[in-house]
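In what follows, a single structure is set out as structure tokens and then discussed.
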Amino acid sequence: MLQVYNTLSKSKETFTPIEPGKVRMYVCGMTVYDYCHLGHARVMVVFDVITRYLRHRGFDVTYVRNVTDIDDKIIARANENGEPFHALTTRFIEAMHEDSDALGVIPPDIEPKATDSIPEILAMVQTLIDKGHAYVGDNGDVYYDVSTFATYGKLSGKDIADLRAGERIAVNEAKTDPLDFVLWKAAKPGEPSWESPWGAGRPGWHIECSAMSTNELGDHFDIHGGGMDLTFPHHENEIAQSEGATGHPFVNYWLHNGFVRINEEKMSKSLGNFFTVREILARYQAEVVRYFILTSQYRSPLNYDEEHLENAKGALTRFYTALRGLPDAEPVTVGDFEARFDAAMDDDFNTPEALAVLFDLARAVNKAKEEGAADAAGLGALLRKLAGVLGLLQGDPEAYLQGGDAGDGLSADQVEAMIAARNAARAARNWAEADRLRDELAAANIVLEDGAGGTTWRRG
RNA sequence: GGCCGGGUGGCAGAGUGGUUAUGCAGCGGACUGCAAAUCCGUGGACGUCGGUUCGAUUCCGGCCUCGGCCUCCA
């Protein structure tokens, strides 16, 4: 029985899809004016794992993740660069796909862009005006009238009176209430714009997601996800827009992932304390980064630290070492590994607990290998199968163990040659020479393992 | 100020009203020419003060403390 934590109820609930066997899920994706940082990577990997697990459980999942390709920051950045905004966004969408692919993220089934959804956006704004939820301001902007939506605040736990009492709400004369938010922004001279019944302009931030999600998944769908910082105002406003426009419940389960932190502080663009995915991938294999992300339950904070990445690297070394040298086989059904794995994932996608099961399984594999047991390969296959639900351990063990340091290290041929020389010395019982060669390799970050079947090596 | 979520052994990180998380690191053993890897064993923990209870790290309350949202943010 899958339990998921629903931000709407602030508790874990049994997951029941609207349509039996099918899951419709929408996740807020990137605003493409810069490279993805680790926080974006977390969203991509977390919801990728959720999608994989739902499929593993037999659900037919339709996964939609949007791209925000028009907004203030995009316009500002394009102006700084002196290029059309479309050139900027095209470039960063491509970069995002590269990062996403590198991290082993299965692409969403549908990836709508805001600029491709203008007709749907205009239609929804018009509906909101027609239903009395929105009004046109003096400056040509269209605003959502928050006071018309009775349950405003239900997702984020805000109280309208509290919000009104807050001092940080920007004053804008065109709004009749400071809490109102913009649906359609009138274009200033020189800005990208689209024609509308209210004049040339562009969509406000929140409306695009309401329009794209309901357009792709219907008025009412199962899961809506994103980073915790989107809970308010973005998702709160999406609810107001969507339910205001359609008159139907919008989303059953709201899932929000926690932040990546650095030095106990949120990693973010505005704080400038971020690492981009490509910076990190230049130094660690992508699977290490993915593993690192999954060492923390998705709602918990994830602290960025070199030491933690090193730890992740070592954990994968352990797994791949267990898988090393095993022939292909059908996964065995012995033991309760799969049941334990599923139970962990059923509990709000508890990946750390699931990984603990995989470690137990890896031990069973090692033991079977050591004892020459017949089911070693089958256990290894089970390990691969379950890890695959997390998007891990799908590679060739040798590629992981001997790869990674693509740069200045010794080539595989050089390493093999030195191992051959060392084994000749060992055969002659010339331990001093053998150890000298091993030390030399160690200095080049090569670890040797003398086994019954010969000497194997890996990069440390 | 309002509203959320945390504080677990050297580090990371799950979980539970009374019994081993797991990984890394440490210690002992097996294996090895010596190592490495692997296996076996092992020490070490639940912010603080109260309450409920036969019994709380686990439930409740206060306190301390960290983080987040309330403005763009994954």
Side-chain angles (χ1 to χ4, degrees), chain A residues 5 7 10 27-31 36-47 68 71-73 76 153 156-159 161-170 179 205 225-234 236 256-261 264-271 274 291-292 295-297 299-303 305 307-308 310-319 321-322 324 340 344 347 350-360 362-363 365-371 401 426 429-432 434-435 438-439 442 446-452 455-458 460:
Chain A
Y5 183 88
T7 305
K10 294 182 183 59
V27 172
C28 286
M30 279 271 293
T31 298
C36 294
H37 66 235
L38 195 52
H40 301 111
R42 191 176 192 193
V43 179
M44 293 194 285
V45 169
V46 160
F47 285 97
T68 296
D71 90 322
D72 290 352
K73 287 184 174 173
S156 54
K158 309 270 180 214
D159 185 279
D162 289 343
L163 287 169
R164 222 161 247 141
E167 295 161 13
R168 299 171 65 186
I169 294 166
L179 295 182
W205 175 35
M228 263 173 190
D229 46 2
L230 298 183
T231 307
F232 189 90
H234 186 55
E236 196 68 61
H256 292 100
N257 65 276
F259 300 123
V260 175
R261 287 197 211 164
E264 301 300 313
E265 191 174 53
K266 178 183 174 183
M267 178 182 285
S268 75
K269 288 279 176 66
S270 40
L271 290 169
F274 60 90
Y291 179 92
F292 164 63
T295 55
S296 178
Q297 204 269 350
R299 287 187 288 122
S300 300
L302 176 66
N303 273 304
D305 191 308
E307 193 188 333
H308 302 165
E310 289 297 332
N311 210 301
K313 184 175 160 185
L316 285 173
T317 297
R318 178 169 168 80
F319 282 124
T321 299
R324 194 176 214 179
R340 287 171 57 209
D347 183 14
N350 191 336
T351 53
E353 183 77 31
L355 288 171
V357 176
L358 298 190
F359 278 112
D360 287 344
R363 174 175 291 109
V365 171
N366 284 328
K367 226 163 163 172
K369 281 169 85 174
E370 199 165 82
E371 293 164 358
L401 296 168
R426 290 173 72 210
R429 304 186 72 76
N430 183 352
W431 308 127
D435 290 350
R438 185 170 60 196
D439 290 346
I446 305 294
V447 180
L448 298 190
E449 286 152 14
D450 297 328
T455 301
T456 56
W457 64 276
R458 61 184 164 87

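A note on names: the letters A, B, ... follow the listed sequences, proteins ahead of strands, and every chain is numbered from 1.
Listed nucleotides B/A21, B/C11, B/C69 differ in distance to A/His308; the shortest reach to its side chain belongs to B/C11.
The phosphate of B/U38 has OP1 or OP2 within less than 4.0 Å of a side-chain N or O from A/Arg318. Dashed line: the shortest gap from a side-chain N or O of A/Ser300 to OP1 or OP2 of B/A12 is not under 4.0 Å. A close approach under 4.0 Å does occur between a side-chain nitrogen or oxygen of A/Asn350 and OP1 or OP2 of B/G15. Within the 4.0 Å cut-off from OP1 or OP2 of B/C40, at least one side-chain nitrogen or oxygen of A/Arg363 is found. Within the structure, every side-chain polar atom (N or O) of A/Lys369 is placed at least 4.0 Å from both OP1 and OP2 of B/A37. Side-chain N/O atoms of A/Lys10 include none lying less than 4.0 angstrom from OP1 or OP2 on B/G5. Checking the phosphate oxygens (OP1, OP2) of B/A12, no side-chain nitrogen or oxygen of A/Asn311 falls inside 4.0 Å.
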> Pairs counted as Watson-Crick or G-U wobble with both distances under 3.5 Å: what dot-bracket string results for RNA chain B, using | for bases tied to another strand?
Replying inline: (((((((..(((.....[...))).(((((.......)))))....(((((..]....))))))))))))....
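Between B/C59 and B/G43, the distance separating the two C1' atoms is 31 Å to the nearest Å. Separating the P atom of B/G10 from that of B/C64 is a span of 26 Å, rounded to the nearest Å. Comparing the same atom, C1', in B/U57 and in B/G9 gives a spacing of 12 Å after rounding to whole Å.
In this structure, A/Glu370 does not pair ionically with A/Lys367, as no charged nitrogen and carboxylate oxygen lie closer than 4.0 Å.
At a cut-off of 3.5 angstrom, the base of B/C34 holds at least one donor-acceptor pair with the side chain of A/Asp450.
The aromatic ring of A/Trp431 stacks onto the base of B/G33, its centre lying under 5.5 Å from the centre of the six-membered base ring with the two planes under 30° apart.
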